[in-house]
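Once you've had a glance at the structure underneath, I'll fire off some questions.
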Amino acid sequence: MPELPEVETIRQDLVKKILNKKIAHVEVVRDKAVGEMGKKFVQALVGNSITAIHRRGKLLIAILKNSKDSLLIHLRMTGQLIYEKEVKNKVEIVAGGHKMSEKDIENLPNKSTQVVIVFADGAQLFFNDQRRFGYMKLASPETVAAALKKYGPEPLTKDFTEEHLKKIFTARQNTTVKAVLLNQELIAGLGNIYVDEVCFCAGVRPQRRVKTVTASERKKIFNCIPKILKEAIRHRGTTFRNFLDSSGREGNYTTFLRVYDRDGEPCRRCQTLIQKTNAAGRGTHFCPKCQK
DNA sequence: GTGTTTGTTATCAA
DNA sequence: CTTGATAACAAACA
């Protein structure tokens, strides 16, 4: 699941790799992946180049040189952006065909490839998406502005303050910590993995009602959010199922996870077995001893 | 065949 | 109107 650290890892890599490269050719394998304006999508990209890539929460925004429109890219659950400098295979799409692992980047394009952007120097950017929830679409300045407006503060900037966390914890009295931290309109970028990790870091169970969270616990959550996210970015994100960075490599944070996907395993701090439950409709992991 | 996985949006109830 | 909870979406895997 690409969350803030995974999307940021991809963003930083792609900035180094594709900025200002001329786009020679675009192959849209699956029309729905680029939204309603398929033809316009190709027209806007061919001959153009990307001058900047921004991130807001889990959303990537690619700025185009010769267009007012921008590319909005959301990887949702299983999206990948894989860059290949050398053309290993001819761009030929095989629909259906033999079974192929999502991690199979040796043979791109593969079964989950939705869009291929070919640069003038022969390098290629593959947008793959096994579950087909993600998108790479052209958006007008108005659409971009509207999309960005929906997000809460970025947790790694000064916009994210203790005061803000206090505000959203007191305004939403009747819900859980998990639901608040997952809500992109309240804080941008946290998903299921990092919400559980932040809650462990803060010693608070995700399923706690926010109205029962003390000021001191809230402060811990406030400090843990950027701490955990930065730590994860430093290790290039978490690969739980099929996250790959733009070079096709897995994230290294997987081995650092304290609770996520560790149900039945001993807590790294106290050896008590990690438990799993459902909160806010999501699989939720916690240490019954370390988290109150 | 069944259940589980999750980011986001749609839908519904209060 | 708001808020919150839940279903739906999609595809693969155990």
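In what follows, every heavy atom counts, from backbone to side chain, and hydrogens, waters and symmetry copies are set aside. Within every chain, numbering begins at 1; the chains are lettered A, B, ... in the order of the sequence lines, protein sequences first and strands thereafter.
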Original post:
Quick one: Arg56(A) CZ to dG7(B) C1', roughly how many Å, whole number?
Top reply: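 Result: 16 Å.
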Original post:
Of the candidate nucleotides dT5(B), dG4(C), dG7(B), which contains the atom at the shortest distance from the side chain of Phe133(A)?
Top reply: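 Side chain of Phe133(A) sits closest to dG7(B).
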**OP:** Determine the contact category for Gly281(A): base if any of its heavy atoms lies under 4.0 Å from a base atom, sugar-phosphate if only primed atoms, P, OP1 or OP2 are that close, otherwise nothing.
**Re:**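 If one applies the 4.0 Å heavy-atom cut-off, Gly281(A) turns out to touch nothing in the nucleic acid.
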**OP:** Determine whether more than 12 heavy atoms belonging to other residues, nucleotides or ligands lie under 6.0 Å from atom NZ of Lys227(A).
**Re:**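 No, the 6.0 Å shell around NZ holds no more than 12 heavy atoms from other groups.
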Original post:
On DNA chain C, nearest-nucleotide positions of Arg282(A) versus Ala171(A): which is more 5'?
Top reply: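 Its nearest nucleotide lies further toward 5', so the answer is Ala171(A).
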Subject >> Ion pair check, Glu8(A) and Arg56(A), cut-off under 4.0 Å >> reply: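 Looking at Glu8(A) and Arg56(A), the cut-off is not met.
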**OP:** Give the rounded distance in Å between these two atoms: CD of Gln130(A) and C1' of dA11(C).
**Re:**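 Atom CD in Gln130(A) sits about 6 Å away from atom C1' in dA11(C).
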Original post:
Between Leu182(A) (CG) and dG4(C) (P), how many Å, whole number?
Top reply: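 Those two atoms, CG and P, are 14 Å apart.
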**OP:** Report yes if a side-chain nitrogen or oxygen of Ser112(A) is closer than 4.0 Å to either non-bridging phosphate oxygen (OP1 or OP2) of dA11(C); otherwise report no.
**Re:**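 It does not, given that no N or O in the side chain of Ser112(A) lies less than 4.0 Å from OP1 or OP2 of dA11(C).
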Original post:
For dT8(B), does either OP1 or OP2 sit under 4.0 Å from a side-chain N or O belonging to Gln184(A)?
Top reply: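 For dT8(B), OP1/OP2 do have a side-chain N/O of Gln184(A) under 4.0 Å.
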**OP:** Take atom NZ of Lys276(A) and atom P of dG3(B), then tell me their distance rounded to the nearest Å.
**Re:**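 Rounded to whole Å, this separation is 15 Å.
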Subject >> Nucleotide nearest Thr175(A) when distance is taken to its side chain, options dT8(B), dT5(B), dG4(C) >> reply: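 Closest nucleotide to the Thr175(A) side chain: dG4(C).
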**OP:** Rounded to the nearest angstrom, tell me the gap between atom CG in Asn128(A) and atom P in dA12(C).
**Re:**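 To the nearest whole Å, that distance equals 13 Å.
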Original post:
In whole angstroms, how far is the P atom of dT9(B) from the CD atom of Glu185(A)?
Top reply: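 Distance, rounded to whole Å: 8 Å.
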Original post:
When the ring centroid of Phe160(A) is compared with that of Phe222(A), is the distance short of 6.0 Å?
Top reply: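 Yes.
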**OP:** Pick base, sugar-phosphate or nothing for Arg132(A), based on heavy-atom distances below 4.0 Å to the nucleic acid.
**Re:**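 Sugar-phosphate: the residue Arg132(A), judged by heavy atoms under 4.0 Å, touches backbone atoms but no base.
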**OP:** Go through the side-chain N and O atoms of Asp69(A) and Ser140(A) and say whether any donor and acceptor fall under 3.5 Å apart.
**Re:**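 Looking only at side-chain atoms, Ser140(A) and Asp69(A) do not form any donor-acceptor pair under 3.5 Å.
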Original post:
Base, sugar-phosphate alone, or nothing: which one does Tyr135(A) contact when heavy atoms must sit under 4.0 Å apart?
Top reply: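 No contact.
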Subject >> Spacing between Leu72(A) atom CG and dT8(B) atom P, to the nearest angstrom >> reply: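 Roughly 13 Å, once rounded to whole Å.
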**OP:** Would you mind telling me which of dT8(B), dA12(C), dG4(C) lies closest to the side-chain atoms of Lys111(A)?
**Re:**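 For the Lys111(A) side chain, the nearest candidate turns out to be dA12(C).
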Subject >> Residues that Ala202(A) engages under side chain to side chain contact (heavy atoms under 4.5 Å, CB included), provided they are two or more places apart >> reply: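 Partners of Ala202(A) under the side chain to side chain contact (heavy atoms under 4.5 Å, CB included) test: Val204(A), Lys220(A), Ile221(A), Cys224(A).
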Original post:
Any idea which of dT5(B), dC9(C), dA5(C) is nearest the Arg209(A) side chain?
Top reply: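 So the nucleotide nearest the side chain must be dA5(C).
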**OP:** Whole angstrom is fine here: how far is it from CG in Leu59(A) over to C1' in dT8(B)?
**Re:**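 After rounding, the gap between these two atoms is 12 Å.
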**OP:** Taking only the side-chain nitrogens and oxygens of Lys150(A), find out if one of them lies under 4.0 Å from OP1 or OP2 of dT8(B).
**Re:**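 For dT8(B), OP1/OP2 do not have a side-chain N/O of Lys150(A) under 4.0 Å.
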